[in-house]
Number of protein chains: 2
Amino acid sequence: MAYQSESLIAQAREIREASGVSQRALSERAGLTQSHISQIESGKMEPGLSSFIDLTRALDLEVMLVPKKLVPAVLNLVKARATRDMHIHAGQPNDKRFARADRLVKKMKHLYGSSADLDRIEDTLGFLRRVNLSDQEMQLVRELITRLERYQASAQAAPVVRDIAQNLQQLRNSIVHAAPSEPRPAYSLDDGDADA
Amino acid sequence: MAYQSESLIAQAREIREASGVSQRALSERAGLTQSHISQIESGKMEPGLSSFIDLTRALDLEVMLVPKKLVPAVLNLVKARATRDMHIHAGQPNDKRFARADRLVKKMKHLYGSSADLDRIEDTLGFLRRVNLSDQEMQLVRELITRLERYQASAQAAPVVRDIAQNLQQLRNSIVHAAPSEPRPAYSLDDGDADA
DNA sequence: CTATTAGATATAGAATAATGTATCGTTCCA
DNA sequence: TGGAACGATACATTATTCTATATCTAATAG
């Protein structure tokens, strides 16, 4: 019974097992009892919404409502980056960083005049801000931005700016030309519409 | 009580009301009783996981598990595109189209030799494939790809290819240079981590 | 202004199912 | 063999969900 929730519960179980967490350990973190978790996972009963949320939070997961049309996109996001290198940084916290960098570049263009390199940096940042970057990738971006801030007023800024532009472009290219979507997400979850 | 699920239930309620669906109408579509929905929405009791899934499915929503780190990114996706123009196409169904277009460009480069325009098309498609496009934007891309397919072997392909490259670039620019994230999503949902 | 109807949401009480406590059966390792 | 960790089970308690009915609001007729 409870066919709708099977998939979600199975996902949670997989993640628990993949993390090497026992039902007991999880029960302590989640505030449920081990007995409860056992019955839920084995399908003998069905959890209340709150119980399920507690469970998943203890596994570092969040229950979210997603419009059906967006489900494949979200699956892409989750699967693609989640498997590539375990830790994923997000869009929003970094957005401020990007916005600040964007303002910096615009200011530099205004003060010292526009240049091909600055244009390239501005453009590339606009791109990188859109796609979801891995931790490594984001760290590289952070470093480059920091460098730009440091050397912005320096006497020999030009070669540094060029180098930053090149590095950003390189990162951009590596992302654009990598094949994005793997064969299929492991999750089942109906996708709904085909084309249009 | 049931503090964890309040946010999710509130979201569902908002969406029901925004859609102009009554509790009774929803109860029929979801297979629950109106009484049930009333108590759930007013916080007098807490739904089972399956009941909640039934509810949300009837509202064209899907309950998904998202790694905490990805929550802001998913919120961006949902909020940004969902409000911009109601209908959202997803990542996966269009991926095939992009992949086919990519193969086409590579084939043309192989047959007729590489050109700046073809390079630009290939690059831009790589970008557009990444970001999530609105319906309008995606339709434009579709048209351009269709045109490319039609004129690929034509005698005067060159000017057409150039025009397609320009159009794609233009679309790309409009996306890259538009400020992406609005002030804040209406949804509360804790985000957890700040930076790193 | 009152009465009535219809559509909505809220409430009452019975039936059913989830949840906690305590315990049991296995397996693995000392 | 002992014990320690894991997952499963039994039963008491509490909460859910359903059927049926009540309340509320707005609109219309008398």
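Numbers restart at 1 for each chain; the letters A, B, ... are given by sequence-line order, proteins then strands. What you see is a predicted model; the values in this text were computed from it and never measured.
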Rounded off to whole Å, could you give me the CG-to-P distance for the B/Asp54 and D/dT16 pair?
-> 17 Å

Give a yes/no on whether any side-chain N or O of A/Gln34 is located under 4.0 angstrom from OP1 or OP2 of C/dT21.
-> no

Should the pair B/Asp119-B/Lys109 be classified as a salt bridge under the 4.0 Å nitrogen-to-oxygen rule?
-> yes

Any Lys/Arg nitrogen of A/Arg120 or A/Asp117 sitting under 4.0 Å from an Asp/Glu carboxylate oxygen of the other?
-> yes

Check if the side chain of A/Gln39 and the base of C/dA18 share a donor-acceptor pair of N or O atoms closer than 3.5 Å.
-> no

To the nearest angstrom, how far is A/Ile37 atom CD1 from D/dT9 atom C1'?
-> 16 Å

Double-helix bend of the helix from C/dC1-D/dG30 to C/dA14-D/dT17, axes at both ends from 5 pairs, round to 10°, gives 30°

To the nearest angstrom, how far is B/Met45 atom CE from C/dT11 atom C1'?
-> 13 Å

Where the side chain of A/Ser22 is concerned, which of C/dT9, D/dT16, D/dG7 is the nearest nucleotide?
-> D/dG7

Side chain to side chain donor-acceptor pair (under 3.5 Å) with A/Arg150: which residues, sequence neighbours excluded?
-> none

Looking at B/Lys44, does any N or O in its side chain come under 4.0 Å of the phosphate oxygens OP1/OP2 on C/dA10?
-> no

In whole angstroms, how far is the P atom of D/dT16 from the CD1 atom of B/Ile40?
-> 10 Å

For A/Glu28 and C/dT21, give me the distance from atom CD to atom P, rounded to whole Å.
-> 13 Å

Using a cut-off of strictly less than 4.0 Å, decide whether A/Ser38 has a side-chain nitrogen or oxygen near OP1 or OP2 of D/dG7.
-> no

Name all pairs fulfilling the side-chain hydrogen bond (donor to acceptor under 3.5 Å, both in side chains) condition that reach into residues 16-26 of chain B, sequence neighbours left out, sorted by first residue then second.
-> B/Arg13-B/Glu17, B/Arg16-B/Glu41, B/Gln23-B/Gln34, B/Gln23-B/Glu41

Pair of N/O donor and acceptor under 3.5 Å linking C/dG7 base with B/Arg24 side chain | no

Atom-pair distance (CZ on A/Phe52; C1' on D/dT16), nearest Å | 18 Å

Taking only the side-chain nitrogens and oxygens of B/Arg16, find out if one of them lies under 4.0 Å from OP1 or OP2 of C/dT9.
-> yes

A/Thr33 side-chain N/O to C/dT19 phosphate OP1/OP2 under 4.0 Å | no

Taking atom types as they are modelled, is there a donor-acceptor pair under 3.5 Å from the base of C/dT9 to the side chain of B/Ser42?
-> no

Check whether any side-chain heavy atom of B/Ile121 lies under 4.5 Å from a side-chain heavy atom of B/Met108, and answer yes or no.
-> no

Rounded interatomic separation in angstrom, taking CZ from A/Arg13 and P from D/dC6 | 15 Å

Please determine, for the side chain of B/Gln23, which listed nucleotide (C/dT23, D/dT17, C/dA10) has the closest atom?
-> C/dA10

Checking A/Glu46 side chain against B/Ser50 main chain: does a donor-acceptor pair fall under 3.5 Å?
-> yes

Working for salt bridge (Lys or Arg N to Asp or Glu O under 4.0 Å), residues B/Arg29 and B/Asp60 | CA-CA 11 Å; B/Arg29 282 205 285 165; B/Asp60 256 303; 5.4 Å; no

Side chain B/Asp163, main chain B/Pro159, donor-acceptor under 3.5 Å = no

Atom CD of A/Glu41 to atom C1' of D/dC6: distance rounded to whole Å?
-> 12 Å

Do B/Ser51 and D/dT17 have a side chain to base donor-acceptor pair shorter than 3.5 Å?
-> no

